[in-house]
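Inspection log for the structure reproduced underneath, given as structure tokens.
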Amino acid sequence: VVIGAGAAGLVTSYIAAAVKAKVTLVEAHKMGGDCLNYGCVPSKALIKSAKLAHQINHAEKYGLETQAAQLSFKKVMERVQHVIREVEPHDSVERYTQLGVDVKQGYAKIISPWQVEINYPDHRKEIVTTRSIVIAAGAAPFIPPLPGLNDVGYYTSDTLWEAFAAMDEMPKRMVVLGGGPIGSELAHAFVRLGAQVMQIQRDERILPREDKEVSEFALQALIADGVSVLTNHVAIRCEMHSDEKNGDKKIIIVEHKGEHKAIEFDALICAVGRQPRLTGFGLEELGIPVNKTVMTNEYLETLFPNIYAAGDVVGPYQFTHVAAHQAWYAAVNALFGKFKKFKVDYRVIPWTTFIDPEVARVGLNELEAKEKNIPYEVTRYGIDDLDRAIADSANLGFIKVLTVPGKDKILGVTIVGEHAGDLLTEFVLAMKWGLGLNKILGTIHTYPTLAESNKYVAGEWKRAHAPKKLLTWIEKYHDWQRG
Ligand SMILES: Cc1cc2nc3c(=O)[nH]c(=O)nc-3n(C[C@H](O)[C@H](O)[C@H](O)COP(=O)(O)OP(=O)(O)OC[C@H]3O[C@@H](n4cnc5c(N)ncnc54)[C@H](O)[C@@H]3O)c2cc1C
């Protein structure tokens, strides 16, 4: 029995059904979970519209004279819903039924290590017995305990898409709480669509998991498009001021270096993290330990060796592709653990923040290498130098590769630039299969493509590691030949 039909639950069920196991997938709400309905899919659809608006507004850069982009907020948000509907069949009950999964649309509760109770919306109950359970219950937006927040009202990734789709006009003044990937993506998209956006971040920088220079690059990109980014600002409380003349005024009070500032807004988006769903479905009763996430061992087993967990509910990364990666381990260990169990391999985990330019990373950055005391060398290539990027007027950003000192073995890569998320894949493959920078350098890359930057960074590494003694001899050889 698999609980939850988001990325983790769907992939677990898919794999289990593919190897002919009998699988019941229970989903309480929407098939596809967060990613399809509230996360990756709607946010990337919105980002595409925002990017197009930005390009139209800067069309003169490409020799085109146009009017400024005319926003139809309703149509943009309708497009987002349309995109969700177009992707929906991939995660649908019909598809999974065809794959051999028994999909049940109800709320699951684990009542014993071998029994799951399903509560249907029409109040029917059913108890299914099972040999193994996979918990894939996901996470929900964290709502900060801000006094007055409920009075002014707020949106989260869970509520934003439908609420905005019902609006005729885009809220003019938006406050985005949070400087992580989700907050930064939303702030960038809405400012490009024409909103006044204030992004409030308590940390001293946005995207704080990335290296400082990467955060700085991202910050400048957001500022250049008009986001007012308030770093080192702590949200203190919200206030609703109502008077007959001016109507309702929504205000958030933030603190910066001991001083309080009042910011007026029309819509507040909370993007301050997502909390695993840990209550209400039997973990407490069974005594399955949780500590912010469901606690598992390296095999994704909980306290009970037949109950596994995968995806956002277990962490440590909250990405669709990591949920899918863990799902393989949960499914295989649950079904075949008697013969052989596999430890989850977290060595090569990529991710991308889809601001513009994109920020993509796999493996270590300098921050983590220093924290873990791992020696490294850094090789950089500036994408401003790349022919294709220049032709596309997208010549900004860089690639930074960390390698083992004196060797071409890749420890981690950060790319900031157009399509960084796609460019990263070559390094993900290289790291996964133990290919070093020499192998990337020895691979033909089509001219002119953005992907050539991967080869060029490898070339920079090679130049820095050229065999100096040998080159001196070769130089002498050439002199001798000329003589
Ligand atoms: C705005 C936003 C943008 C994002 N962008 C990206 C991105 O670009 N790339 C990326 O990789 N990730 C992105 N993510 C993260 C990604 O959406 C999640 O990591 C992913 O959805 C996690 O999948 P999951 O299966 O663990 O959980 P979920 O998708 O949350 O699925 C869990 C499911 O379990 C169901 N459930 C819970 N409890 C029960 C129960 N007791 N009984 C039955 N059903 C239950 C829930 O209804 C839900 O459908 C984004 C997230 C957000 C919010």
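It should be emphasised that the depicted structure is a prediction, and the values quoted were computed from it without experimental measurement. All ligand and atom numbering here is 1-based and tracks the order in the structure.
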#### Entry: Closest to atom 14 (N) of ligand 1 among G138, G6, C40 (heavy-atom distance)
C40
### Query
Short question: side chain of D151, backbone of M240 - any donor-acceptor pair under 3.5 Å?
no
## Note on the structure
re atom 49 (O) of ligand 1, the protein heavy-atom contact at minimum distance is E27 OE1, 2.7 Å
#### Entry: Closest protein heavy atom (residue, atom, distance) for atom 41 (N) of ligand 1
A108 O, 3.0 Å
### Task
Let me see the working for R388 and E418 under salt bridge (Lys or Arg N to Asp or Glu O under 4.0 Å), right down to the final yes or no.
CA-CA 11 Å; R388 179 54 189 271; E418 177 105 336; over 6 Å; no
### Message
If you take the nearest heavy atom of each of A136, A327, G4, which one is closest to atom 32 (C) of ligand 1?
### Response
A136
### Query
So which heavy atom in the protein is nearest atom 16 (C) of ligand 1, and how far is it from that ligand atom?
T320 OG1, 3.4 Å
### Task
Return yes or no for this condition: an N or O of Y38 is under 3.5 Å from an N or O of ligand 1.
no
### Task
Heavy-atom contacts with F281 under 4.0 Å: which atoms of ligand 1 show up? List them by number with element.
41 (N)
### Message
I want to know if ligand 1 touches A7 in the polar sense, i.e. an N/O pair below 3.5 angstrom.
### Response
yes
## Note on the structure
shortest atom 37 (C) of ligand 1-to-protein heavy-atom contact is with A137 O, 3.4 Å
### Task
Please state whether the rings of W351 and Y317 are parallel, tilted or perpendicular, taking 30° and 60° as the class boundaries.
tilted
### Query
Going by distance only, is there an N or O of E185 that falls short of 3.5 Å from an N or O of ligand 1?
no
#### Entry: D34, any N or O under 3.5 Å of ligand 1 N or O
yes
### Summary
Ranked by distance from atom 15 (C) of ligand 1, the top protein heavy atom is Q318 O, 3.6 Å
### Query
For ligand 1, is there an atom lying under 4.0 Å from some heavy atom of A271?
no
### Query
Do any N/O atoms on D312 end up under 3.5 angstrom from N/O atoms on ligand 1?
yes
### Message
For atom 45 (C) of ligand 1, tell me which residue out of G9, A28, G315 has the closest non-hydrogen atom.
### Response
A28
### Query
Do Y308 and Y299 make the cut of ring centroids closer than 6.0 angstrom?
no
## Note on the structure
Of all protein heavy atoms, the one nearest atom 2 (C) of ligand 1 is G39 CA, 3.3 Å
#### Entry: Polar atom proximity, F354 to ligand 1 (N or O, under 3.5 Å)
no
### Query
Does some non-hydrogen atom of R274 fall short of 4.0 Å from ligand 1?
yes
### Task
Check the side chains of E94 and Q98 for a donor-acceptor pair under 3.5 angstrom, ignoring hydrogens and angles.
no
### Task
Assess K109 for proximity to ligand 1: is some non-hydrogen atom of it under 4.0 Å away?
no
### Message
As an exercise, identify every atom of ligand 1 less than 4.0 angstrom from a heavy atom of S157.
### Response
1 (C), 53 (C)
### Query
Any chance the side chains of D225 and H188 put a donor and an acceptor closer than 3.5 Å?
yes
